[in-house]
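Note that the structure is a prediction, hence the values are computed from the model and not measured.
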Amino acid sequence: MSVAEGWSSGALLDSGLVENGPFGPGQSAEFGRGGAEPYELALRTGGGPLTVIARDGGDEDASHLDVSAYLASATDGEREVLALTDGPLLDIGCGPARLVRAAIEAGRLALGIDISSAAIGHARSAGLPVLHRSVFDPLPAEGTWGAVALFDGNVGIGGDPVALLSRAAELLRPGGRMIVEAHADPQQDASFLAQLVHPAGARSAWFPWAEVGARVATGIAGDLGMDATTVTIAGRAFVLATR
């Protein structure tokens, strides 16, 4: 059964299509896992900044995450981006699921997936439909989602943007649209081993990550046979690719 055939978001969790247990046998993206798990720490302590460092990079290559924004409500700009799509939404790397909440508030079906136990716990405590699983694991209603979202740099999941966007495209129905938030530099195209660092000093294990600019993401989407365009909303670049 597709998600367009009368499911409510909550019904997805009760249907048997969504398992609430551990990851399945597929590949798992290990963002921030291992070590002292600073991402989990930040989520459990109310947010705050984290730094992403590249193993072979210098201080100028570091990027920053604001976990407090993930715990907050979706911004007006984010809601505007979501409104460029329609149909049921799958948010990949949903965190505490602010985009899932925004989509549901807009009258849409929505489901989030994430590998972070703390993020999933936040979302579930708020009554939001989420799945504790990697994008590369079996997922409910594959090939029928109206929109798939990769916000907050999540195009870096797994360190292989081509594999990730190929997988995301598989999840869409014909005519469905993928939203990819891109790096500020449209030409950015880097895959590397990264580590998350908490201000208190906690560090994750090294994990594969990537950064991709809008021109690069558009090129990948084109190679997948998708029609792609770029929009800038609230100072953030997004590639919209239609299957």
Side-chain angles (χ1 to χ4, degrees), residues 27 29-33 38-39 42 49-70 74-75 77-78 80-82 84-85 91-95 99 114-116 134-136 147-172 177-197 203-243:
Q27 181 182 356
E30 299 294 334
F31 170 81
R33 304 287 294 277
Y39 181 58
L50 293 175
T51 301
V52 182
I53 62 172
R55 186 153 75 176
D56 297 325
D59 290 344
E60 69 278 6
D61 298 313
S63 58
H64 303 280
L65 307 177
D66 181 6
V67 180
S68 298
Y70 305 163
T75 66
E78 290 168 340
E80 184 178 348
V81 176
L82 291 180
L84 297 175
T85 69
D91 184 14
I92 298 171
C94 65
L99 300 179
D114 205 294
I115 65 167
S116 163
S134 162
V135 63
F136 295 104
V148 170
L150 286 160
F151 280 54
D152 304 323
N154 283 334
V155 68
I157 289 171
D160 186 345
V162 174
L164 177 62
L165 297 190
S166 296
R167 173 59 174 150
E170 292 175 351
L171 299 170
L172 289 168
R177 179 169 268 187
M178 176 167 41
I179 317 169
V180 180
E181 183 170 4
H183 191 273
D185 177 358
Q187 302 282 14
Q188 180 75 353
D189 185 9
S191 295
F192 51 93
L193 288 177
Q195 185 180 62
L196 280 184
V197 182
R203 292 174 178 261
S204 72
W206 295 100
F207 57 93
W209 197 243
E211 293 175 343
V212 173
R215 289 186 183 175
V216 177
T218 297
I220 296 172
D223 290 342
L224 294 171
M226 306 181 78
D227 295 323
T229 187
T230 302
V231 298
T232 300
I233 295 178
R236 297 160 67 180
F238 297 88
V239 172
L240 305 176
T242 304
R243 180 178 174 190

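Looking at D185, its side chain does come within 3.5 Å of a backbone N or O of Q187 through a donor-acceptor pair. In this structure, Q195 contributes its side chain and I53 its backbone to no donor-acceptor pair below 3.5 Å. Not a single donor-acceptor pair under 3.5 Å links the side chain of T232 to the backbone N or O of G235. Checking side-chain atoms of N154 against main-chain N and O of I92 turns up a donor-acceptor pair under 3.5 Å. With hydrogens and angles ignored, the 3.5 Å screen pairs a side-chain donor or acceptor of D114 with a backbone N or O of G95. With hydrogens and angles ignored, the 3.5 Å screen pairs no side-chain donor or acceptor of D66 with any backbone N or O of P49. Not one N or O on the side chain of T230 forms a donor-acceptor pair closer than 3.5 Å with the backbone of V239.
Put simply, the side chain of V197 does not reach to within 4.5 Å of the side chain of L50, judged on heavy atoms. Put simply, the side chain of I179 does not reach to within 4.5 Å of the side chain of L150, judged on heavy atoms. In this structure the side chain of Y39 reaches within 4.5 angstrom of the side chain of S116, judged on heavy atoms. Contact check for W209 versus L193: no side-chain heavy atoms found under the 4.5 Å cut-off. The side-chain heavy atoms of L84 and F238, taken from C-beta on, include no pair separated by under 4.5 Å. Counting heavy atoms from C-beta on, the side chains of L240 and M178 never come closer than 4.5 Å. Contact check for E78 versus F151: side-chain heavy atoms found under the 4.5 Å cut-off. The shortest side-chain heavy-atom distance between I115 and R33 falls under the 4.5 Å cut-off.
The two residues A221 and A241 make their nearest non-hydrogen contact at CB-CB, 3.8 Å. Of all heavy-atom pairs spanning S191 and A210, the tightest one is OG-CB, 3.8 Å. A149 approaches D91 most closely through the heavy-atom pair O-OD1, 3.5 Å. The two residues T51 and A62 make their nearest non-hydrogen contact at CG2-CB, 3.8 Å. In terms of heavy-atom proximity, A228 sits nearest to T218 at CB-CG2, 3.9 Å. Nearest approach of F192 to A54, heavy atoms of both residues: CD1-CB, 3.7 Å.
Under the side chain to side chain contact (heavy atoms under 4.5 Å, CB included) test applied with R243, the options D227, L171, L172 reduce to a single match, L172.
Side-chain N/O atoms of R177 and T242 include a donor and acceptor closer than 3.5 Å.
Taking the six-membered ring where the residue is Trp, F207 and F31 present perpendicular rings, their angle passing 60° and hence far from 30°.
Remark: D152 engages R236 in a salt bridge, criterion side-chain N to carboxylate O under 4.0 Å.
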Apply side-chain contact (heavy atoms from CB on, under 4.5 Å) to the pair E80 and I233, showing each step before the final yes or no.
-> CA-CA 8 Å; E80 184 178 348; I233 295 178; 3.7 Å; yes
In sequence, state the C-alpha distance, the side-chain angles, and the governing distance for L224 and S166, and then conclude on side-chain contact (heavy atoms from CB on, under 4.5 Å).
-> CA-CA 7 Å; L224 294 171; S166 296; 3.2 Å; yes
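Legend: residues meeting ring-ring contact (aromatic ring centres under 6.0 Å, His included) with Y70, ordered by chain and number and at least two apart, are absent.
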